[in-house]
**Q** 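Before I ask anything, let me first share the structure, which is written out below as structure tokens.
Just so you know, residue 1 is the first one in the sequence shown, and it goes up from there.
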Amino acid sequence: MLLSVIMPVYNTSATLGDAVKSVLEQRFSNFELILINDGSSDSSPEICDLLAKTDERIKVVHQKNKGLSAARNQGIKAASGEFYAFIDSDDRFDEEAFLNFYEARVQHEDMTMYVMNFDKVYGGISVPKKRSKNSIITEPKELIKLIFSSSGVAFYTWNKIYRHSLFQSVSFPEGKIFEDIVTTYKLAKLSSKTIVTTTVG
């Protein structure tokens with residue numbers, strides 16, 4: 001298994017299907033999708049279980065509500081892939097996102113992090129954000145500078161794909177807000193080779 005895709009789910013029954021569809025319709029298919037139902041009180045738990053019956057690549061974990069960080073940490077515990085990707089249950093991946101990642105992985109076998117561009121969608125209208133440039137970064141200090149300089153690399157968890165070994169000493173801080181910032185900073189410090197791409201994920 002090359003890629004584990006971790007999707008926390010909390011009361012997003014209206015968008016969950018589209019988010020999962022954007023993963024299942026990837027042109028690259030060597031992945032598992034782990035849905036972490038974080039104590040949803042709507043129909044999300046039932047939807048997760050139904051979706052799992054439609055595709056053997058989907059795994060479902062149900063837990064009491066503990067928050068986004070705890071759900072992501074639980075997803076990491078359940079993951080078996082060499083790399084981890086994260087997606088929120090109200091977001092979508094471009095259909096070539098994983099294929100672009102795979103092609104970078106083939107070219108750079110020692111890659112520890114992969115960074116994609118992204119668009120924000122407001123009311124069905126896609127708005128491009130600041131774009132990063134194609135680059136290969138082997139100095140953590142350079143990557144950290146890009147993350148905090150409005151370069152398009154950004155501090156978000158979900159526009160990056162990570163080698164699983166980066167999480168041996170890093171987890172998402174539970175019970176905290178803006179959890180992406182501190183986690184991405186720690187992961188960037190550990191990444192020995194980051195591939196930044198102009199493609200949109």
**Q** Can you confirm whether Phe28 is buried at CZ, in the sense that more than 12 heavy atoms of other residues, nucleotides or ligands lie under 6.0 Å from that atom?
**A** yes
**Q** So Phe98 and Val23, do their side chains get closer than 4.5 Å, heavy atoms only?
**A** yes
**Q** Just how far is it from atom CG of Asn159 to atom CD1 of Ile87, taken to the nearest 0.5 Å?
**A** 12.0 Å
**Q** Would one find more than 12 heavy atoms of other residues, nucleotides or ligands at under 6.0 Å from atom CZ of Phe31?
**A** yes
**Q** For the hydrophobic clusters of this structure (ILVMFWY residues joined by side-chain heavy atoms under 4.5 Å, transitively), does one cluster hold both Leu143 and Phe148?
**A** yes
**Q** Contact between Ile161 and Leu3 at the side-chain level, heavy atoms closer than 4.5 Å - yes or no?
**A** yes
**Q** Please evaluate residues Ser40 and Val9 with respect to the criterion side-chain contact (heavy atoms from CB on, under 4.5 Å), reporting the C-alpha separation (whole Å), side-chain torsions for both, the decisive distance (0.1 Å), and the verdict.
**A** CA-CA 7 Å; Ser40 297; Val9 177; 4.2 Å; yes
**Q** Could you state the interatomic distance from CD1 (Ile47) to OG1 (Thr12), rounded to the nearest 0.5 Å?
**A** 8.0 Å
**Q** Checking ring pair (Phe, Tyr, Trp, His ring centres under 6.0 Å) against Phe86, which of Tyr156, Phe172, Trp158, Phe93 comes through?
**A** Phe172
**Q** Testing the basics here: between Ala188 and Ile144, what is the closest heavy-atom pair and its distance to 0.1 Å?
**A** CB-CG1, 3.8 Å
**Q** Mind listing the closest non-hydrogen atom pair of Lys160 and Thr184 along with its distance?
**A** CE-CG2, 4.0 Å
**Q** So, Thr112 side chain and Lys193 main chain: donor-acceptor pair closer than 3.5 Å or not?
**A** yes
**Q** Is there side-chain contact between Leu99 and Gln26, with at least one heavy-atom pair below 4.5 Å?
**A** no
**Q** List the steps, then state whether side-chain contact (heavy atoms from CB on, under 4.5 Å) holds for Met7 with Leu16.
**A** CA-CA 10 Å; Met7 182 187 297; Leu16 176 57; 3.8 Å; yes
**Q** With rounding to the nearest 0.5 angstrom, report the OG1 to CD1 distance, Thr157 to Ile6.
**A** 10.5 Å
**Q** Return yes if some donor-acceptor pair links the side-chain N/O of Thr198 with the main-chain N/O of Asn134 below 3.5 Å, else return no.
**A** no
**Q** Without swapping roles, check the side chain of Ser4 against the backbone of Glu32 for a donor-acceptor pair under 3.5 Å.
**A** no
**Q** Closest approach of Ser191 and Met113, non-hydrogen atoms and distance?
**A** OG-CB, 3.5 Å
**Q** Does Leu166 reach the side chain of Tyr84, with side-chain heavy atoms less than 4.5 Å apart?
**A** no
**Q** Tell me, do Ser80 and Lys59 make a side-chain contact under 4.5 Å, heavy atoms counted?
**A** yes
**Q** Looking at side-chain heavy atoms only, is the closest gap between Phe167 and Leu187 below 4.5 Å?
**A** yes
**Q** Looking at Asp88 and Asp90, would you say the former's side chain and the latter's main chain have a donor-acceptor pair under 3.5 Å?
**A** no
**Q** Would you compute the distance between atom CG of Leu35 and atom SG of Cys48 and round it to the nearest 0.5 angstrom?
**A** 4.5 Å
**Q** Quick one: do Glu95 and Arg27 make a salt bridge, cutoff under 4.0 Å?
**A** no
**Q** Please report the closest heavy-atom contact between Ile36 and Ala71, naming both atoms and the distance.
**A** CG1-O, 3.5 Å
**Q** Taking all non-hydrogen atoms of both residues into account, name the closest pair between Thr183 and Pro173 and its distance.
**A** OG1-CD, 3.3 Å
**Q** Can you tell me which residue among Tyr102, Tyr114, Phe101 is in a ring pair (Phe, Tyr, Trp, His ring centres under 6.0 Å) with Phe83?
**A** Phe101
**Q** Tell me whether Ile147 shares a hydrophobic cluster with Val170, the cluster being built from Ile, Leu, Val, Met, Phe, Trp, Tyr side chains joined at under 4.5 Å.
**A** yes
**Q** Which atom names give the shortest non-hydrogen contact between Ser41 and Asn11, and what distance separates them?
**A** N-OD1, 2.6 Å
**Q** Apply the test side-chain contact (heavy atoms from CB on, under 4.5 Å) to residues Leu24 and Ile58: give CA-CA distance (whole Å), side-chain angles for both, the deciding distance (0.1 Å), then the verdict.
**A** CA-CA 9 Å; Leu24 298 182; Ile58 300 177; 4.0 Å; yes
**Q** With rounding to the nearest 0.5 angstrom, report the CD to CG distance, Gln74 to Asn37.
**A** 11.5 Å
**Q** Applying side-chain contact (heavy atoms from CB on, under 4.5 Å), run through Leu190 and Gln168 and close with a yes or a no.
**A** CA-CA 10 Å; Leu190 295 171; Gln168 289 181 352; over 6 Å; no
**Q** Within a strict 4.5 Å, meaning less than it, do heavy atoms of the Ser13 and Glu46 side chains meet?
**A** no
**Q** Would you say that more than 12 heavy atoms from the other residues, nucleotides or ligands in this model lie under 6.0 Å from the CD of Glu139, or not?
**A** no
**Q** Is there a side-chain contact between Ile195 and Arg105 (heavy atoms, below 4.5 Å)?
**A** no
**Q** So, Arg72 and Asp180, do they make that salt bridge, N to O below 4.0 Å?
**A** yes
**Q** Assess whether a salt bridge exists between Glu174 and Lys66, defined as any Lys/Arg side-chain N lying under 4.0 Å from an Asp/Glu carboxylate O.
**A** no
**Q** Could you state the interatomic distance from CE (Met116) to CG (Asn100), rounded to the nearest 0.5 Å?
**A** 9.0 Å
**Q** Find out if a path of hydrophobic residues (ILVMFWY) with successive side-chain heavy-atom gaps under 4.5 Å connects Phe155 to Val182.
**A** no
**Q** Is it the case that the side chain of Asp38 and the backbone of Gln63 share a donor-acceptor pair, with hydrogens and angles ignored and the cut-off at 3.5 Å?
**A** no
